[in-house]
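Since the structure comes first, as structure tokens, the remarks are kept for the end.
Given the structure is predicted, the values throughout are model-derived calculations rather than measurements. Reminder, nothing fancy here: chain letters follow the sequence lines and each chain counts from 1. Basis for what follows: all heavy atoms, side chains included, without hydrogens, waters or symmetry-related copies.
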Amino acid sequence: MVEAKAAWKAIVARALAAYIAEKGAPVEAPAASAVVLERPPKPELGDFGFPMFPYAKLLRAAPPAVAAALAALIAKDPEAAGLGEAKAEGPYLNVRLARAPETARILSAVAKPGWGASSGQAGHKVLVEFSSPNTNKPLHLGHLRNNALGESLSRILLAAGAEVRKVNHLNDRGINICKSMLAYLRYGEGKTPADEGLKGDHFVGKYYVLYNKLKAEDPNAEADAQELVRRWEAGDPEIRALQEKMNAWTFEGVKATYARTGVSFDAYDFETETYEQGRAEVLKGLERGVFFKEEDGSVQIDLEDVGLDKKVLLRKDGTSIYITQDIGTAIHRHEGWPYDRVVYVVGNEQVYHFKVLFEVLKRLGFDWANDLHHLSYGMVNLPTGRMKTREGTIVDADDLVDAVAELAAKEIEAKGREESAGAVKDIAGKIALGSLHYFLLHVAPVKDILYDPAESLSFTGDTGPYIQYMGARASSILRKHAAGEGNAVKGRADPALLAGEADWELLKLVAALPECVDQAAAAMEPSVMAGYAHDLAAGFSAWYRDNPVLNCPDPNLAASRLELVKAVKAGLEKAAGLVCIPFLETM
RNA sequence: GAGGCAAUAGCUCAGCGGGAUAGAGCAUCAGAUUGCGGAUCUGAAGGUCGGAGGUUCGAAUCCUCUUUGCCUCACCA
């Protein structure tokens with residue numbers, strides 16, 4: 001379809017040039033790449049539409065007249081013959097592709113291994129940093145959105161031809177961890193997660209919550225926690241050991257959550273190992289005059305000329321702060337894996353931080369600093385307001401996945417599909433992931449999400465399970481055919497038989513996948529891919545209602561339709577995978 | 001106070017490199033199953049695209065102002 005578009009842009013450009021020459025107009029014909037192609041609002045109007053307004057203005061002629069003239073010229077163009085026909089319809093020049101050859105092309109392309117991939121991002125080395133949790137508590141709903149965005153975007157970039165490295169930067173030091181440690185020292189009695197039968201992250205998170213209780217009872221709690229930070233920084237072996245032990249518990253728990261949700265990383269950066277890396281870089285920048293030293297001894301940068309403020313990069317006591325660390329890790333990562341682009345998946349409350357960070361790196365003169373992106377996303381709000389650990393209005397990631405999986409299992413039971421679904425627990429878990437990931441990804445990242453449990457638990461309509469269901473239906477047809485059922489086994493597929501409107505529309509949808517991959521990658525918008533997956537599922541659903549496959553009386557038509565089902569399944573499987581929705585053969 | 005982001009059907013959202021009658025899902029109402037899985041499909045109803053100007057042959061889309069909401073403006077992360 002990409003090829004067809006390019007071919008027709010060239011045809012239209014050629015016709016325009018001929019028309020201009022014919023009229024002797026003193027204007028230049030637009031290049032093929034500059035020709036605007038759009039999709040007509042209704043399929044009856046054709047496959048592509050070319051608005052004539054700009055050329056009408058250029059030629060001082062009425063748009064419909066230009067359209068008519070171009071249509072006549074194209075009718076005589078030998079290169080256009082066989083590709084389709086162009087027709088003037090009002091101010092538009094509409095093109096209807098020759099279906100049989102295009103259908104054959106699409107079906108054979110889809111059947112090739114690796115179809116669905118594209119090349120829009122070829123040659124790029126993209127580092128995607130996401131998740132980046134604190135190690136003092138388990139993952140919550142907000143992390144699920146972050147993880148889904150990061151994982152999905154990484155898959156999309158990879159499909160678009162980029163080389164991708166997924167990195168998780170764990171915040172495993174500082175005051176928050178020390179709060180959990182303090183509470184553990186007071187209440188923990190040396191227990192381990194195993195002693196209480198808790199997942200490590202939930203175990204540590206329990207003490208983080210207990211810290212708030214402690215703080216209410218003991219006015220010295222805050223100071224005591226700070227004291228732990230100091231002892232940790234001073235290298236107190238006892239505190240270091242405790243921190244390592246508790247971090248390991250949390251890390252194991254968090255990794256288990258990644259594993260069950262299909263999220264993975266190529267590297268983990270631990271803040272305990274990276275937090276000092278930036279200081280040397282800042283000092284180097286100071287020497288080169290990129291930064292300046294305040295009278296009080298702090299190192300700063302003045303960004304007021306680009307609409308930002310002055311920013312401290314090293315405290316007056318010479319220690320590093322949050323942004324110093326990000327400067328250092330960016331540089332060190334590039335030394336280890338020379339990327340040309342970074343995407344930081346971090347909530348939108350940090351837009352300012354990343355503006356400053358990117359500007360600092362740019363001023364340090366790194367050539368890779370011009371392609372740094374902050375994929376910022378909105379809050380996940382609850383009907384009751386914001387999520388707050390202290391107020392207990394947090395939605396725990398594991399609990400949520402469990403709840404949705406349980407609901408899915410009930411749904412399978414209610415439909416009496418335990419037999420055909422197979423391992424109910426496994427399938428239910430995958431439905432839960434499909435449901436959650438679609439819920440979190442189908443909305444543009446920029447939007448805040450109002451997390452409505454009832455809606456997120458729903459499996460009907462614009463949801464992940466709907467997409468999974470259509471994939472399962474398509475799979476079911478193919479499975480039965482493979483088992484010898486239906487008329488397709490006796491027929492031969494012929495692309496020319498798929499010439500109906502419904503076939504053609506569905507086929508075009510399937511063929512649009514690679515373009516959609518490029519679009520989603522370029523815009524860094526998994527929601528584009530989620531929308532595509534839904535459209536394809538809905539398109540298939542409408543189509544197969546009216547177009548029997550196995551029961552089609554004509555064996556050749558049955559076989560041809562079967563090819564279309566195969567293509568749809570391939571498209572659904574690919575698209576679903578890109579938005580972290582597990583594909584299901586049965587459910 | 002300054003900066004950033006958002007505002008589209010009752011609700012949740014698409015559409016925003018300007019273009020042909022603004023699209024889905026949920027909810028509502030009316031239908032569809034001796035037929036490949038009804039977690040489905042078909043149809044109806046539902047919109048001054050927050051408001052006001054402007055640019056343009058043409059604006060939900062671009063510009064300005066304005067209203068409302070959220071987020072930032074730490075030598076916290």
Quiz item: Does the pair A:R230/A:E227 count as a salt bridge with the N-to-O cut at 4.0 Å?
Solution: yes
Exercise. Look at the side chain of A:M379 and decide which nucleotide, out of B:rA39, B:rA74, B:rC71, has an atom nearest to it.
Key: B:rC71
Quiz prompt | Out of B:rA39, B:rC36, B:rC70, whichever nucleotide has its closest atom nearest the side chain of A:D448 | solution = B:rC70
Quiz item: Would you say a side-chain N or O of A:R479 is under 4.0 Å from OP1 or OP2 of B:rG37?
Solution: no
Quiz item: Quantified in whole Å, what is the C1' atom distance between nucleotide B:rG47 and nucleotide B:rU66?
Solution: 23 Å
Quiz item: Counting side-chain heavy atoms from CB outward, which of B:rC13, B:rA39, B:rU12 is closest to A:K447?
Solution: B:rC13
Quiz item: Between atom CD in A:Q519 and atom C1' in B:rC16, what is the gap in whole Å?
Solution: 12 Å
Quiz item: Strictly by modelled atom types, are A:Y544 and A:R473 linked by a side-chain donor-acceptor pair under 3.5 Å?
Solution: yes
Quiz item: Do A:F251 and A:Y268 have ring centres separated by under 6.0 Å?
Solution: yes
Quiz item: How many Å lie between CZ on A:R173 and P on B:rA77, as a whole number?
Solution: 7 Å
Quiz item: Which part of the nucleic acid, if any, lies within contact of A:T586, taking any heavy atom under 4.0 Å across all strands shown: a base, the sugar-phosphate backbone alone, or nothing?
Solution: base
Practice problem: Quick one: label A:I431 by what it contacts on the DNA or RNA (base, sugar-phosphate, nothing), any heavy atom closer than 4.0 Å. | Solution: base
Quiz item: What nucleotide among B:rC36, B:rU12, B:rG25 has an atom nearest to a side-chain atom of A:N551?
Solution: B:rC36
Quiz item: With a 4.0 Å cut-off on heavy atoms, is A:H534 in touch with a base, just the backbone sugar-phosphate, or nothing at all?
Solution: sugar-phosphate
Exercise. Give none if B:rG53 has no partner; otherwise give the nucleotide forming a Watson-Crick or G-U wobble pair with it, both distances under 3.5 Å.
Key: B:rC63
Exercise. With heavy atoms under 4.0 Å as the rule, sort A:Q350 into base, sugar-phosphate or nothing.
Key: base
Practice problem: Measure the distance from CG on A:D535 to C1' on B:rG25 and round it to the nearest whole Å. | Solution: 12 Å
Quiz prompt | Distance between C1' atoms of B:rG46 and B:rG10 (Å, rounded) | solution = 9 Å
Quiz prompt | Closest-nucleotide ordering on RNA chain B, the 5'-leading residue of A:S476 and A:E349 | solution = A:S476
Practice problem: Select base, sugar-phosphate, or nothing to describe what A:N547 touches, counting heavy atoms under 4.0 Å on all strands. | Solution: base
Quiz item: A:Y352 has an atom OH; how far is it from atom C1' of B:rA77, in whole Å?
Solution: 16 Å
Quiz item: Taking atom C1' in both B:rU28 and B:rA9, what distance in whole Å separates the two?
Solution: 13 Å
Quiz item: With respect to A:D172, which candidate in A:T135, A:N136, A:T272 satisfies the side-chain hydrogen bond (donor to acceptor under 3.5 Å, both in side chains) definition?
Solution: A:T272
Quiz item: Heavy atoms under 4.0 Å, any strand shown: does A:N94 hit a base, just sugar-phosphate, or nothing?
Solution: base
Quiz item: Which part of the nucleic acid, if any, lies within contact of A:K415, taking any heavy atom under 4.0 Å across all strands shown: a base, the sugar-phosphate backbone alone, or nothing?
Solution: base
Quiz item: Whole-Å distance between B:rG43 C1' and A:R545 CZ?
Solution: 15 Å
Quiz prompt | Same-atom distance (C1') from B:rA45 to B:rC29, integer angstrom | solution = 8 Å
Quiz item: Are any of the side-chain nitrogens in A:K310 or A:E294 under 4.0 Å away from the carboxylate oxygens of its partner?
Solution: no
Practice problem: Determine the Euclidean distance between corresponding P atoms of B:rG50 and B:rA6; express it in Å to zero decimal places. | Solution: 12 Å
Quiz prompt | Out of B:rC57, B:rA39, B:rA14, whichever nucleotide has its closest atom nearest the side chain of A:K57 | solution = B:rC57
Quiz item: Closest to the A:A444 side chain: B:rU12, B:rA14, B:rA20?
Solution: B:rA14
Practice problem: Indicate, with a heavy-atom threshold strictly under 4.0 Å, whether A:S541 touches base, sugar-phosphate, or nothing. | Solution: sugar-phosphate
Quiz item: A:L457 CG to B:rG25 P: how many Å, rounded?
Solution: 21 Å
Quiz item: Is A:F53 touching bases, backbone alone, or none of the nucleic acid, heavy atoms closer than 4.0 Å?
Solution: base
Quiz item: When you measure from the side chain of A:P465, which nucleotide among B:rA39, B:rC41, B:rA14 comes out closest?
Solution: B:rA39
Quiz prompt | Lys/Arg-Asp/Glu bridge criterion (N-O < 4.0 Å) met for A:K569, A:E585 | solution = yes
Practice problem: Verify the distance criterion only: is there a donor paired with an acceptor across the side chains of A:N212 and A:K215 at less than 3.5 Å? | Solution: no
Self-check item: Base paired to B:rG3 (Watson-Crick or G-U; both N/O distances under 3.5 angstrom)
Solution: B:rC71
Exercise. Write down the distance between CG (A:L308) and P (B:rA74), rounded to a whole number of angstrom.
Key: 12 Å
Exercise. Assign A:E525 to base, sugar-phosphate, or nothing according to its heavy-atom contacts below 4.0 angstrom with the strands shown.
Key: nothing
Quiz item: So what does A:P40 touch, heavy atoms closer than 4.0 Å: a base, only the sugar-phosphate, or nothing?
Solution: base
Exercise. Under 4.0 Å between any heavy atoms, over every strand shown, what does A:K480 touch: base, sugar-phosphate, or nothing? Just pick one.
Key: sugar-phosphate
Quiz item: According to a strict under-4.0 Å criterion, is A:Y466 in side-chain N/O contact with OP1 or OP2 of B:rC41?
Solution: yes
Practice problem: Please report, rounded to the nearest Å, how far the P atom of B:rA77 is from the CG atom of A:D172. | Solution: 14 Å
Practice problem: Look through every strand shown and name the nucleotide pairing with B:rA9 as Watson-Crick or G-U wobble, where both distances are under 3.5 Å. | Solution: none
Practice problem: Quick one: look up who B:rG43 pairs with, Watson-Crick or G-U, both distances under 3.5 Å, and put none if it's unpaired. | Solution: B:rC29
Quiz item: For B:rA39, does either OP1 or OP2 sit under 4.0 Å from a side-chain N or O belonging to A:Y469?
Solution: yes
Quiz prompt | Sugar-phosphate only, base, or nothing, as touched by A:I412 at under 4.0 Å among non-hydrogen atoms | solution = base
Quiz prompt | Touch class at under 4.0 angstrom, heavy-atom based, for A:M470 against every strand present | solution = sugar-phosphate
Practice problem: Between B:rG51 and B:rU61, how far apart are the P atoms? Round to whole Å, please. | Solution: 10 Å
Quiz item: On a whole-Å scale, what distance lies between the P atoms belonging to B:rC57 and B:rC71?
Solution: 43 Å
Practice problem: Would you mind telling me which residue lines up with the more 5' stretch of RNA chain B, A:E585 or A:T463, judged by nearest nucleotide? | Solution: A:T463
Quiz item: So, A:E359 and A:K355, do they make that salt bridge, N to O below 4.0 Å?
Solution: no
Self-check item: Span that lies between the C1' atom of B:rA59 and that of B:rC16, in whole angstrom
Solution: 10 Å
Quiz item: Which atom pair, heavy atoms only, marks the closest approach of A:P445 to A:L149?
Solution: CG-CD2, 3.9 Å
Quiz prompt | For B:rA22, the Watson-Crick or wobble counterpart (both distances under 3.5 Å) | solution = none
Quiz prompt | Distance-only polar pair, side chains of A:T329 and A:H169, donor-acceptor under 3.5 Å | solution = no
